[in-house]
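Naming: A, B, ... by sequence-line order, numbering from 1 per chain.
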Protein chains: 2
Amino acid sequence: MENREIERKWLISAVPENLEQYECLTIEQAYLSTSPTVRVRKENEEYYLTYKGSRAWDGNSALSHTEYNLPLDRASYEHLREKRDGRLIRKNRYRIPCGDLTIELDVFDPPIAPLILAEVEFPSEEAALAFRGPDWFGEDVTEDPRFRNAAMASDPDWKFEK
Amino acid sequence: MENREIERKWLISAVPENLEQYECLTIEQAYLSTSPTVRVRKENEEYYLTYKGSRAWDGNSALSHTEYNLPLDRASYEHLREKRDGRLIRKNRYRIPCGDLTIELDVFDPPIAPLILAEVEFPSEEAALAFRGPDWFGEDVTEDPRFRNAAMASDPDWKFEK
């Protein structure tokens, strides 16, 4: 359940064709705290409480953080969801194989739409830095705090602007 | 940060003499969910988010559960504390050496006072079952749901009755 995540994130303007061929998760999430991140998430019919050590606390870059995903049931998810700060984030996540890696393509529902983000998790910082995305990847926004889901949830005026 | 806890709990009617010689933690805690348990706690000047798998979920007895203690700072603690269900629980916890083990003696503040509980954590279920407490230990209430801190927090009419 503990997972040291090393990941990068990109803006996407044109999604690949035949998206429906890939595994898709319908995600809803709500934030209870942003530093550290305490979040509840529904992924299809599974429910989690997630804790991510804040950057200030663990001293790492945005590339890497420690994450815990702890199981909830539907009742405890719905109970904790009501305690959220800001709004719910809803998105469809397509899982697209890419060599040994997986591209997670997040297509956001309104009001965050038309934002689309791609995230890739890597086995090492070296692999993360060496990675070249497919040609439909746009700008690398790994270090841009505007594209953290917590920022989208907490800012009532959040609007996608390139 | 993951910890499989095996513990027993007793009622205490007479505390040992010279309690002030032992290490003491001043604890305040608040519950956001009870099944599974999601709790925030202040221990002196340290702050934690705690998750305990519910009995229904992990299929274990009250003797044993998996617990995660994840660090918060003061601001995130105070933010999450406001999202609590029911009331704050405040107590002083004395740590009393007992052979290779430690007795945690919890002396509750009002309105839970005059309740005093002792808890001991064990390295194995065998050790837990074989343990004989000192003669000032009262009734074993390990399996009694009334003496779970979450029950005291969530029931506005909770009152200590032997």
Do the non-hydrogen side-chain atoms of P36(A) and L70(B) ever get within less than 4.5 Å of each other?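 With C-beta onward as the side chain, the pair stays apart.
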CG of L72(A) to OG of S35(B): how many Å apart, nearest 0.5 Å?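 Interatomic distance, L72(A) CG to S35(B) OG, rounded to 0.5 Å: 10.0 Å.
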Roughly how far, to the nearest 0.5 Å, is the CG atom of L49(A) from the CG atom of L49(B)?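 If I round to the nearest 0.5 Å, the distance is 6.5 Å.
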Using the rule that Ile, Leu, Val, Met, Phe, Trp and Tyr join whenever any side-chain heavy atoms are under 4.5 Å apart, tell me whether [X] and [Y] fall into a single cluster.
X	Y	value
Y68(A)	I27(A)	no
W10(A)	L19(A)	yes
L25(A)	I89(A)	no
L32(A)	Y48(A)	no

Using the salt bridge (charged side-chain N to carboxylate O under 4.0 Å, His left out) rule, collect all pairs that involve residues 29-45 of chain A, keeping only residues at least two apart or in two chains.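 Applying salt bridge (charged side-chain N to carboxylate O under 4.0 Å, His left out) to every pair that reaches into residues 29-45 of chain A, excluding sequence neighbours, yields R41(A)-E43(A), K42(A)-E45(A).
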So which pairs with a foot in residues 13-27 of chain B pass salt bridge (charged side-chain N to carboxylate O under 4.0 Å, His left out), sequence neighbours left out?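 For residues 13-27 of chain B: E23(B)-R95(B).
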Contact residues of residues 77-85 of chain A (partner chain B; heavy-atom separation under 4.5 angstrom):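 The residues closer than 4.5 Å to chain B, in numerical order, are H79(A), L80(A), K83(A), R84(A), D85(A).
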Would you mind writing out the side-chain donor-acceptor pairs for residues 112-119 of chain B within the sub-3.5 Å range, not counting sequence neighbours?
none

